[in-house]
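Report on the following structure.
All values reported here derive from a predicted model rather than from experimental measurement. Convention: sequence-line order gives letters A, B, ...; per-chain numbering from 1.
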Number of protein chains: 2
Amino acid sequence: MQCNNFEQAYKKEMRAVQDSMDVLYGKWKISIISSICYYNKRRFSDILGDIDGISNKMLSKELKELEINQLIKRTVLDTQPVTVQYELTAHGKSLQTIINNLTDWGIKHRKVITGK
Amino acid sequence: MQCNNFEQAYKKEMRAVQDSMDVLYGKWKISIISSICYYNKRRFSDILGDIDGISNKMLSKELKELEINQLIKRTVLDTQPVTVQYELTAHGKSLQTIINNLTDWGIKHRKVITGK
DNA sequence: CTGAATCCTCTGCGATACTG
DNA sequence: CAGTATCGCAGAGGATTCAG
């Protein structure tokens with residue numbers, strides 16, 4: 001009984017982690033979120049410049065996925081020619097903690113691997 | 001000047017996040033770490049059973065990568081037939097926070113998407 | 001400027017079978 | 001039991017071009 005509860009809680013947590021990873025999966029997702037987050041509002045071509053190596057195809061694709069997952073908001077500005085602005089939703093902003101943690105851990109990890 | 005410092009800090013953080021993601025990337029990495037973490041010590045076939053859908057090939061491959069990144073420790077037990085035990089290193093354990101955050105966020109995310 | 005469309009390559013990953 | 005070897009495919013992702 002104890003054991004069953006334990007098992008169930010475990011499965012549930014596993015699923016939750018997977019849910020998160022599904023959203024964050026993709027070679028550039030985190031970079032994109034970080035970029036928008038840093039600048040608050042950011043245009044397509046700006047992000048394209050921020051991230052080294054990304055192609056417009058991938059940026060477009062991953063932005064779309066992030067929008068579907070309601071992490072970012074897309075606004076078409078009535079300029080000539082048209083520009084598009086991206087910003088984080090409240091839900092997207094709630095990823096901040098995780099990104100910060102990943103940043104810290106990444107720095108620590110580099111030290112561990114490269115031999116303190 | 002202000003701007004340059006800002007830019008540099010930004011690039012540095014981006015790289016750190018990417019470092020983390022490189023390690024955690026792979027369809028099963030997080031699940032594997034979670035499994036070992038929950039049970040403290042875990043054998044190959046146990047993990048194989050814990051994670052739904054994983055193949056022995058992938059488990060073997062990702063375990064190897066995790067070991068290279070010094071997140072887990074592999075111990076061959078002198079039994080008949082041979083069994084192998086995996087456990088988290090101190091460095092691997094330091095991922096706990098991130099995994100917990102991901103779990104929490106995943107639960108929240110599901111609520112947001114499925115419409116509160 | 002912001003994408004969508006096309007083409008093409010490479011690899012992540014599954015299924016299965018085999019070894020010490 | 002704990003892997004390694006082989007085969008095969010779908011999809012990720014790059015380069016380039018086209019369109020509103």
Could you work out which one of D/dA2, D/dG14, C/dG3 sits closest to the side chain of A/Val84?
C/dG3
If the cut-off is 4.0 Å, is [X] near the phosphate of [N], judged by side-chain N/O to OP1 or OP2?
X	N	answer
B/Ser45	D/dA2	yes
A/Arg74	C/dG3	yes
A/Lys64	C/dG3	no
A/Ser60	C/dA4	yes
B/Arg42	D/dA2	no

Between [X] ([atom1]) and [N] ([atom2]), how many Å, whole number?
X	N	atom1	atom2	value
A/Ile72	C/dT2	CD1	C1'	14 Å
A/Glu67	C/dT2	CD	P	15 Å
A/Glu62	D/dG14	CD	C1'	13 Å
B/Leu48	D/dG3	CG	C1'	11 Å
B/Glu65	C/dC13	CD	C1'	12 Å
A/Ile54	D/dG13	CD1	P	10 Å
B/Ile47	D/dG3	CD1	C1'	13 Å
B/Gln85	D/dC1	CD	P	15 Å

Would you check if the side chain of [X] reaches a backbone N or O of [Y] as a donor-acceptor pair within less than 3.5 Å?
X	Y	answer
B/Ser60	B/Asn56	no
B/Asp46	B/Arg42	no
A/Glu62	A/Lys29	yes

Which comes earlier along DNA chain C counting from the 5' end, the contact point of B/Val82 or that of A/Thr83, where each point is its nearest nucleotide?
A/Thr83
Are the side chains of B/Tyr39 and B/Asp50 in touch, meaning some heavy atoms are under 4.5 Å apart?
yes
Just wondering, more than 12 heavy atoms not from B/Lys11 lying within 6.0 Å of its NZ?
yes
Sequence neighbours excluded, every pair satisfying ring pair (Phe, Tyr, Trp, His ring centres under 6.0 Å) that has a member inside residues 64-84 of chain B
none
For the atom pair OG (A/Ser55) and NZ (A/Lys61), what is the distance rounded to the nearest 0.5 Å?
9.5 Å
List the protein contact pattern of nucleotides 5-12 of chain C with one symbol per nucleotide (5' to 3'): B for base contact, S for sugar-phosphate-only contact, - for none; contact means a heavy-atom distance under 4.0 Å.
-BB-----
